[in-house]
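Note that the coordinates shown come from a computational prediction; the quantities given were computed from them, not determined experimentally.
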Amino acid sequence: MSPTVSHKDNSRQRRPGTFNHSLDLKSGPLPPGSWDDSHPDFVGGEGDREALLRDTGTGDFSKTPRSCRAELSSILLLLFLYVLQGIPLGLAGSIPLILQSKNVSYTDQAFFSFVFWPFSLKLLWAPLVDAVYFKNFGRRKSWLVPTQYILGLFMIYLSTQVDLLLGNTDGRTPDVVALTVTFFLFEFLAATQDIAVDGWALTMLSRENVGYASTCNSVGQTAGYFLGNVLFLALESADFCNKYLRFQPQPRGIITLSIGFSAADAVTGLKLVEEGVPKEHLALLAVPMVPLQIILPLIISKYTAGPQPLNIFYKAMPYRLLLGLEYALLVWWTPKVEHQGGYPIYYYILVLLSYALHQVTLYSMYVSIMAFNAKVSDPLIGGTYMTLLNTVSNLGGNWPSTVALWLVDPLTVKECVGASNQNCQTPDSVELCKKLGGSCVTALDGYYVESIICVFIGFGWWFFLGPKFKKLQDEEPSSWKCKRSN
């Protein structure tokens, strides 16, 4: 979701009817390639004014600009919807850390990463969400309300199965395939809600305040992700709860996942857990970042509000790439500073600073991309158009993460120490090495190989394709609009 360029007046007119199952792309006569933004006609249920068609009425359409305070209720509603949307993302994001603590392979982690792909594939059903609705109920509420009820029922059912899937009972190993299928459906529902909320956000606010929609997205999803990921991982940890929240030690955390439900960067957190850093400590390091994640979009949006928002993306990218190397150095340094099963305070401070720099560069790139999407979006088919643009952005983050996780094991070189003429190339050879009294030692970690390769690829893209990418913002607005038929 992102802010969009709205239309000059706020007159609202809805067409009668009970059920719509087609996208109406027709408008009044327009010259070829032109974009009429002076007389919108809004269709759909309450709060919907997305298809901008020529108004057949008369009158003065000039309106006094509305202040942010005048639309505070709409902004708070958007914020609440994005918080709800962030909770499933946070819960799903906590699973890889739990799996890593159970010593699953990076190949299994890569398979589980498909859970996050619905947000990259939602373009496939976005036109359905845009076109099919009950007008008497509301264009967006026709999808938001059922989706929320289904998500709630799904979470109740999942709360009865998740311990079994994670292998928390009877010493079983995690069922990665079942976990992936289950959470994929979970994220599918969240992605469907995202389509509806994004489409509604394009039209809920006036032109003067539509920029607050992207702020609601960033702040709301950050808060939801915090509740579903950071807070959950802390309260799920028996060590954390026994140390800070209990008088009498208990074998489990205050909550479990069942109660909670009633590119190379993708590997970094998992590598830190593998090196022995407690996953709840990593989660808690995100707590000081919450104010930063709220303030950053507000600051960056001031610099991306102009006609060339992609300039910020282009400037931030090289710093983002260098942070990838800094992460690799951090992982390499981690076992060297461990002392008696713990880590000194300066280590966590360094991790926190690295994370803060990561957030600055990440949000600079994210907000600039969203601002560009806002600049070129055509509200005529707002939900589908924004989903198309966001799909491209999401794919750019999802497929490299999956590939990076998948390649860690093949790129890793291990040697069998203590047993002659043995290797550790396959699971069977690892078991044979152990049976003969040997142990598998990592000679070359595939994570470091990936980190270097990704940085070289990133700088190559930035140097050769980056300037061409920036030229997209110089296209005329009419180049991005849907063609109107008479």
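- In this structure, the side chain of Gln109 does not engage the main chain of Leu99 through any donor-acceptor pair within 3.5 Å.
- Two residues are said to be in side-chain contact when any heavy atoms from C-beta on lie closer than 4.5 Å; Ile453 and Phe456 fail this criterion.
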> Which is it for Val197 and Gln193 under the side chain to side chain contact (heavy atoms under 4.5 Å, CB included) test, yes or no, and what are the steps along the way?
Replying inline: CA-CA 6 Å; Val197 176; Gln193 176 184 332; 4.0 Å; yes
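- Residue-environment remark: NZ (Lys470) exceeds the threshold of 12 foreign heavy atoms within 6.0 Å.
- Under the 2.5 Å cut-off for SG-SG separation, Cys440 and Cys424 qualify: their sulfur atoms lie closer than that.
- Looking at Trp332 and Tyr327, their side chains never come closer than 4.5 Å, going by heavy atoms from C-beta outward.
- Leu436 CG to Glu431 CD: the interatomic distance, rounded to the nearest 0.5 Å, is 11.5 Å.
- Every salt bridge (charged side-chain N to carboxylate O under 4.0 Å, His left out) that Asp445 has, sequence neighbours left out, goes to Lys271.
- Although no hydrogens or angles enter the test, the distance criterion places no donor-acceptor pair under 3.5 Å between the side chain of Asp175 and the main chain of Leu165.
- Residues Phe112 and Pro96 come closest through the heavy atom pair CE2-CD, 3.8 Å.
- Side-chain contact annotation: Tyr347 with Thr334, donor-acceptor N/O pair under 3.5 Å present.
- The cationic group of Lys122 does not satisfy the cation-pi geometry with Trp125, failing either the under 6.0 Å distance to the six-membered ring centre or the 45° limit from the ring axis.
- With Trp462 contributing its side chain and Tyr314 its backbone, the two residues share a donor-acceptor pair below 3.5 Å.
- Side-chain atoms of Arg139 come within 3.5 Å of backbone N or O of Asp130 as a donor-acceptor pair.
- Aromatic ring orientation, Tyr366 versus Tyr363: perpendicular (interplanar angle above 60°, classes split at 30° and 60°).
- Under 3.5 Å, the side chains of Glu326 and Ser354 contain a donor-acceptor pair of N or O atoms.
- Distance alone, capped at 3.5 Å, is enough to place a donor-acceptor pair between the Thr361 side chain and the Leu357 backbone.
- Taking the six-membered ring for Trp and the full ring otherwise, the centers of Phe114 and Phe184 sit at least 6.0 Å from each other.
- A donor-acceptor pair under 3.5 Å is absent between the side-chain atoms of Trp406 and the main chain of Asp108, judged by distance alone.
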>> Show, in sequence, the C-alpha distance, side-chain angles and deciding distance for Glu274 and Tyr106, and conclude whether the side-chain hydrogen bond (donor to acceptor under 3.5 Å, both in side chains) test is met.
In response: CA-CA 11 Å; Glu274 182 182 322; Tyr106 282 100; 2.5 Å; yes
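- Trp143 approaches Val129 most closely through the heavy-atom pair NE1-O, 3.3 Å.
- A donor-acceptor contact shorter than 3.5 Å is absent between the side chain of Thr402 and the backbone of Trp399.
- When only modelled atom types and interatomic distance are considered, Thr412 and Tyr447 share no side-chain donor-acceptor pair under 3.5 Å.
- The structure places CG of Asp194 at 8.0 Å from CG of Leu89, a figure rounded to the nearest 0.5 Å.
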